[in-house]
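First the proteins, then the strands, lettered A, B, ... as listed; each starts at 1. This one's a predicted model, so the numbers in the text were calculated from it and none came from an experiment. Note that these values count all heavy atoms, side chains included, but never hydrogens, waters or copies made by symmetry.
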Number of protein chains: 2
Amino acid sequence: MLRKEELEHLSRFSSTIKLARKTVLRADSLSLSPVTAVIEGTIGIQHILDDGRRSIAAFYLSGDIIDLRTPGTDQRHDLVALTRATICRLSPAVLDDVLQLNESARAVSVDNLRRQKCLALDHSVDLTKKRALEKVASFVFECRDRQPTVAAEIKLPMQHCDIADYLGLRPETVSRCLHELQDSKMIEQPTVSCITIKDAGALRTLADGTKHDGERAR
Amino acid sequence: MLRKEELEHLSRFSSTIKLARKTVLRADSLSLSPVTAVIEGTIGIQHILDDGRRSIAAFYLSGDIIDLRTPGTDQRHDLVALTRATICRLSPAVLDDVLQLNESARAVSVDNLRRQKCLALDHSVDLTKKRALEKVASFVFECRDRQPTVAAEIKLPMQHCDIADYLGLRPETVSRCLHELQDSKMIEQPTVSCITIKDAGALRTLADGTKHDGERAR
DNA sequence: CGATTGTTTGATCTCTCTCAATGGGCGTGG
DNA sequence: CCACGCCCATTGAGAGAGATCAAACAATCG
């Protein structure tokens, strides 16, 4: 996680690209330049199964560094723009030089890796044992905690069909769950891409996987 | 990923512990000593939801280094022994000193983080969009590729109930899927904890998510 | 060798997917 | 700036994969 000035500095040694939504950078083209900084927008790591099913394994926001170097194995994931996005392809060699010299930048870089690994593990927990409604509740918190500013309004960083592919659900289910959260007064949804948390306690409890039979006529 | 000699060297500055299966090292106790080397056996990262559902987000085998430092957030995951295991709690300070001096060890350490992040992403793909049978097929390959020696016999590094918590399934489903793979001649299962791949091509195709309606009386 | 833990099998239930059709919002081009 | 068209969100009805529950069986450990 670098600050904007640092990103801009690095970008001098690299190529900054604007991407339209749904633009895909395929895995094979990434092996040459596996390090990408997100300047603006949302970038997803996607994987297409042989029969077309799409999975979004992770997403990255403004300021994140995506390091796709995979020691020992082939890169199997694509990058995809989930919104209009601006990215910066970094030369791994140049980056490594910078990190070699700058100890604090190196620490930041390693922390960045640790943080992303931690996010991936948290996400795995959401995926393994949570029900659809719990997944969506958890996703709302992830968006809140990862958006740059602390605000009551949460701007969803991607569309419902992308959320579905990220949570292992279908777009219809995501829509139904968001409406259910709204019906039970936990959130409000002024527009499709904007959410306000109304009852953070109840939403947290739900996201953390507490049984709440009590609420369902039992 | 360090070699056994290196592990043993590091262990002089640390405490080596033998764990019985199901021993849990709770998240709060890990914040002081968040770096653990697996000497022998299988260690899982587990998370228990408020109502008792258990998720295993990742597992680590002999030689793996588990770095649970989570910059910025609290550690929320426990470690659990999925088999009888021997681990080595490393002092993060000592480890960082070693890495500060030894550039190649540092590279190994960063590669280790990248590799684990990559494994976590792959696992997310398995969890989001694959059906139970595909998940189990994929798991068989993961076990094959991660076990220390290349052998026809794959020793499952954990029990069915742990596999279930890792794949987001139930033990009954894992059992049924393994039998289905056996019925369709893709694997053989001499004992509960041992598997032989009989038709790697078909198993790979299945794991990668190709529709195979053709095989099902269509 | 007995008790506990884990695996297997079968029957039923339920949550989510699937399919299809409608409606709305956003971006594009005029 | 407005209108059109396309993509996305929504809604409903139905089907299916996996969960759940229960009970028998096997394996492991002390």
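The CZ atom of A:Arg53 sits 12 Å away from the P atom of C:dC17 (whole-angstrom rounding). With rounding to whole Å, B:Glu180 atom CD is found 13 Å from C:dT9 atom P. To the nearest angstrom, C1' of D:dT10 lies 13 Å from CD of A:Gln182. Atom CD in A:Gln159 sits roughly 10 Å away from atom P in C:dC26 (whole-Å rounding). Between the CG atom of A:Leu181 and the P atom of D:dT10 there is a distance of 12 Å, rounded to whole Å. B:Gln189 has its CD atom 17 Å from the P atom of C:dG6, to the nearest Å. Straight-line distance from the CE atom of B:Met158 to the P atom of C:dG6: 14 Å, rounded to whole Å. Computed from coordinates, the B:Arg21 CZ to C:dT5 C1' distance equals 8 Å when rounded to whole Å.
Counting non-hydrogen atoms of other residues, nucleotides and ligands closer than 6.0 Å to CG of A:Asp74 gives a total of 12 or fewer.
Judged by distance alone, the side chains of A:Ser138 and A:Asp126 do bring a donor and an acceptor atom under 3.5 Å apart.
B:Tyr166 and B:Phe59 have perpendicular rings, their planes meeting at more than 60° on a 0 to 90° scale where under 30° would count as parallel.
Just one of A:Ile187, A:Leu133, A:Val136 meets the side-chain contact (heavy atoms from CB on, under 4.5 Å) condition when paired with A:Glu180; it is A:Leu133.
When distances are taken from the side chain of A:Arg84 to each of C:dG27, D:dT10, C:dG6, the shortest belongs to C:dG27. Proximity note for A:Leu169 (side chain, C-beta onward) versus C:dT7, C:dT16, D:dT10: the nearest is C:dT16.
Across the helix from C:dC1-D:dG30 to C:dT16-D:dA15, the helix axis at one end is tilted relative to the axis at the other end by 40° (nearest 10 degrees, each axis from five pairs).
Between A:Lys22 and D:dC8, a side-chain N or O to OP1/OP2 separation shorter than 4.0 Å is present. Taking only side-chain nitrogens and oxygens, A:Arg170 never comes nearer than 4.0 Å to OP1 or OP2 of D:dT11. Here A:His179 does not reach the OP1 or OP2 of D:dA9: none of its side-chain N or O atoms lies under 4.0 Å away. Distances shorter than 4.0 Å separate none of the side-chain N or O atoms of B:Thr173 from OP1 or OP2 on D:dA17. The side chain of A:Arg176 places no N or O atom within less than 4.0 Å of a non-bridging phosphate oxygen (OP1 or OP2) of D:dT11.
By the ring pair (Phe, Tyr, Trp, His ring centres under 6.0 Å) test, A:His47 is found to be paired with A:His77, residues two or more places apart in sequence or in another chain being considered.
Side-chain to base pairing of B:Glu172 with D:dC21: one donor and one acceptor N or O lie within less than 3.5 Å of each other.
B:Arg176 and B:Glu172 are not joined by a salt bridge, as no carboxylate oxygen comes within less than 4.0 angstrom of a charged side-chain nitrogen. Salt bridge A:Glu134/B:Arg53: present, at least one basic N to carboxylate O contact under 4.0 Å.
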